[in-house]
Amino acid sequence: MENGSYHFYSDKFILRVSNRVCISSEELLTSEPFLKFYYSYLESLKRKQSPLLNIFSTKDYSEDEVKLLQETLYYLNSLQADKVAKLVDGSEIFFRDTLLFNEFIEQFYNYWRRMHRLVICDSVFDRMDQRPYRTFNDLVESLMHLVRSTYRNIQENITGKHPKIYRQVSAGAEIGAIALPMKLNYPNSSFSVLDDIFVIRQVLIYPPMIFNTPNNKRKGQFARIDRNPLDGIKLDPKEWLCYPARVGPLLIAIYFPLSFFELGFSLSNLFELADENDLQRKPDAVYIYGAPEETSLSVDGNETVFFDDEKNNIMVGSVPFKNEYAYFGYLKKMILTLHNIIRMKDGYLPFHGAMVQITMRNKKPFSVLIMGDSGAGKSESIEALRLIASDEIEDLMVVADDMGSIAVNEQGRLVGYGTEMGAFVRLDDLQSGYALGQIDRTIIMNPDQVNARVVMPVTRYEYIMAGTPIDCVLYANNYEAVDKDHPIIDRFANAKDALNVFRRGAVMSKGTTTTKGLVENYFANIFGPPQYHDLHEGLAQKYFQKMFDQNIYVGQMRTQLGIPGSEQTGPKQSATALLQMINEKAGDA
């Protein structure tokens, strides 16, 4: 799209601006995007044969009547109905039933608000990213106020009344972005197809946002291929954006088409946006999410693929543009797969798990790493910890919500790093108090379906990168009920016993993927370790032995999240037992 252009993608509207938007209602009501939207609304009413069309002389309205209504709306913005009826010849037909006419306007407004709306502020001639707040205020906030005031002016002039209750709903863009033309520091011309795609520098969102995606589950693994997905690919720079993400210490450039913008911008609640210094170095990985089908690659029927460019020391992931991949899990998990592979090559042990550091009153900080597969109860147990946290807890810092890596620091101590500053969690497994308390910051996906999810910030980038010493490592067991022979938390005697459980990676599926029942995945982490099994196995044996050498508590925690009827009580019980253990194990301050 050119600067100043717009585009409709089904239920999405994208406006690309360079220096200004409409500044008056009159300009808005005569703009090309408004007129296209106006005709789209009338066509939707005609398809349904809506009674709202009775404002015309017949439901099969003529083109002249459509233009007459447009002129009537133009003057209704500033004049009352009786004056408009005298000024615009023939407009009195619309005022025969003011209640119906008012409802027509109300549904017109709702039709607009049901669209997913994006404003891209292109910094071509002016570095808008140097004054982002002013840019967003001038171009995005002003549009919201203009749309809302135009709607209210027209309604008030139709009815002759002021509303008694004003609801300040988001009426402009749901998302605003400042994007720059920028060439990232790629190793060679194989990546030149990406050079002209604008790079996102700042994002403005209006949460809570609700999206329904064509798919709501992820299936299969990401497969390694022997060819670069960028070979022969053709991308129209006007139809793509790049979200440069900080994934732990790595820089991963994520490219997505504008028709998937609601998924692409949801990354802003999950991964830190890279800064100027980050963008000066070579990206560690590239991900093409929504690659053109005609050039997308596959291996053994698997279309979610990645290429290990060992010569240039860069990873390239690719998923084709298909509705079956229009699910946020395909974005997040490929990014984390690339992260895990790179970290393994650098000698770190990746983990699929959640890590928190808890400081209780008069105790030293105590860090717990909970490993487990999707739906095992990792994040849910941490949210339960937040809910039951009493005055005894001085601080709870999230180091990793879903993925991270283990390293040895300069003192020889095992430390943990995270990848995301946000969480992508099941809505119905969240403790209700915490979910409602954070609802104003969330992006909600498919709320009316199984595996409804929210994306919400839960920690800071500085915390995930601090290198936090590990005091306890637990496997999240969601499939065994707690009884006298199966305590909520029990400890392994040695590294071999621990590795047997962690290596098996068993979990009772919670419907987060297409698997059902009790399934097993190597280290509960199909995102890199199975593809590089030998490399990972050596690292796992090395790091687990170090855990026992350093007397780190290694065990399993039964969350019972996969047991019917225990979805809420299970994580709460495991969180309570965990707090008790911490109180016993943490040293005095």
Side chain N269, main chain R441, donor-acceptor under 3.5 Å: yes
Derivation and outcome, side-chain contact (heavy atoms from CB on, under 4.5 Å), residues L349 and S405: CA-CA 5 Å; L349 177 66; S405 57; over 6 Å; no
Heavy-atom side-chain contact between I200 and I178 under 4.5 Å: no
Exam field: side chain N451 to backbone N216, donor-acceptor pair closer than 3.5 Å: yes
No-hydrogen, no-angle side-chain donor-acceptor test under 3.5 Å, H116 and Y9: no
K345 bridged to D284 by N-O distance under 4.0 Å: no
M334 side chain near V319 side chain, heavy-atom distance below 4.5 Å: yes
Spatial distance of atom CG (L241) from atom CG (L118) [nearest 0.5 Å]: 7.5 Å
Under 3.5 Å side-chain donor-acceptor pair for D373 and N521: yes
T213 side chain to N215 side chain, donor-acceptor N/O pair below 3.5 angstrom: no
Salt-bridge contact D196-K183 (side-chain N to carboxylate O under 4.0 Å): no
F260 ring center near Y289 ring center (under 6.0 Å): yes
Separation of L184 CG from C242 SG (nearest 0.5 Å): 5.5 Å
Any side-chain heavy-atom pair of V199 and P244 under 4.5 Å: yes
D448, CG atom: more than 12 neighbouring heavy atoms under 6.0 Å: yes
Sidechain N-carboxylate O distance under 4.0 Å for R114, D11: no
Side chains of Y532 and D308, donor plus acceptor under 3.5 Å: yes
Ion pair R201/E276, N-O distance below 4.0 Å: yes
Aromatic ring pairing F523/H536, orientation class (parallel under 30°, perpendicular over 60°, tilted between): perpendicular
Evaluation steps, side-chain contact (heavy atoms from CB on, under 4.5 Å), between D226 and V299: CA-CA 9 Å; D226 56 8; V299 55; over 6 Å; no
Check: C22 main-chain N/O paired with E27 side-chain donor or acceptor under 3.5 Å: no
Under 3.5 Å: donor-acceptor pair, side chain of R16, backbone of I120: no
R460 CZ: over 12 foreign heavy atoms closer than 6.0 Å: no
Flag side-chain contact, heavy atom, 4.5 Å: I464 against T459: yes
Ring-face cation contact, F328 with R218, 6.0 Å cut, 45° max: no
Plane angle bin for Y330 and F222 - parallel if under 30°, tilted between 30 and 60°, otherwise perpendicular: perpendicular
Student check: side-chain heavy atoms of E32 and F34 closer than 4.5 Å: no
Aromatic centroids of F37 and F108 separated by under 6.0 Å: yes
Heavy-atom donor-acceptor pair, T419 side chain to G248 backbone, under 3.5 Å: no
Chi angles and distances behind the side-chain contact (heavy atoms from CB on, under 4.5 Å) call for N525, F351: CA-CA 7 Å; N525 191 355; F351 62 78; 5.7 Å; no
Salt bridge (charged side-chain N to carboxylate O under 4.0 Å, His left out) between K332 and E420, intermediate numbers included: CA-CA 10 Å; K332 172 184 172 177; E420 312 117 284; 3.2 Å; yes
N/O donor-acceptor pair under 3.5 Å between Q531 side chain and I526 backbone: yes
N/O donor-acceptor pair under 3.5 Å between N340 side chain and P350 backbone: no
Criterion side chain to side chain donor-acceptor pair (under 3.5 Å) on N302 and T304, from CA distance to verdict: CA-CA 6 Å; N302 192 340; T304 57; 2.8 Å; yes
Spacing of L230 atom CG and F191 atom CZ [to the nearest 0.5 Å]: 6.0 Å
S40 and Y111: side chain donor to acceptor below 3.5 Å: yes
Donor-acceptor pair between D309 and N312 side chains, under 3.5 angstrom: yes
Side-chain donor or acceptor of K12 paired with backbone N/O of R117 under 3.5 Å: no
Residue pair F271 / I335, side-chain heavy-atom distance below 4.5 Å: yes
Axial cation check for Y348 ring with R343, 6.0 Å and 45° limits: yes
Nearest-0.5 Å distance, OG of residue S190 to CG of residue D231: 6.0 Å
I288 and P229, any side-chain heavy atoms less than 4.5 Å apart: no
K378 side chain to G372 backbone, donor-acceptor under 3.5 Å: yes
Reported CE-to-OG distance for the pair M445 and S266, which is rounded to 0.5 angstrom: 3.0 Å
pair R224-V305: side-chain heavy atoms closer than 4.5 Å: no
Polar contact flag, side-chain donor to acceptor under 3.5 angstrom, Y325-E303: yes
Interatomic distance, H533 atom NE2 to M344 atom CE [nearest 0.5 angstrom]: 11.0 Å
Short side-chain to backbone donor-acceptor contact, Q449 and N446, under 3.5 Å: no
Identified ring-ring contact (aromatic ring centres under 6.0 Å, His included) partner of W112 from the options F13, Y41, Y38, F8: F13
Stepwise side-chain contact (heavy atoms from CB on, under 4.5 Å) test for L194 and W240: CA-CA 9 Å; L194 309 174; W240 286 76; over 6 Å; no
For E324, side chain to side chain donor-acceptor pair (under 3.5 Å) partners two or more places apart: none
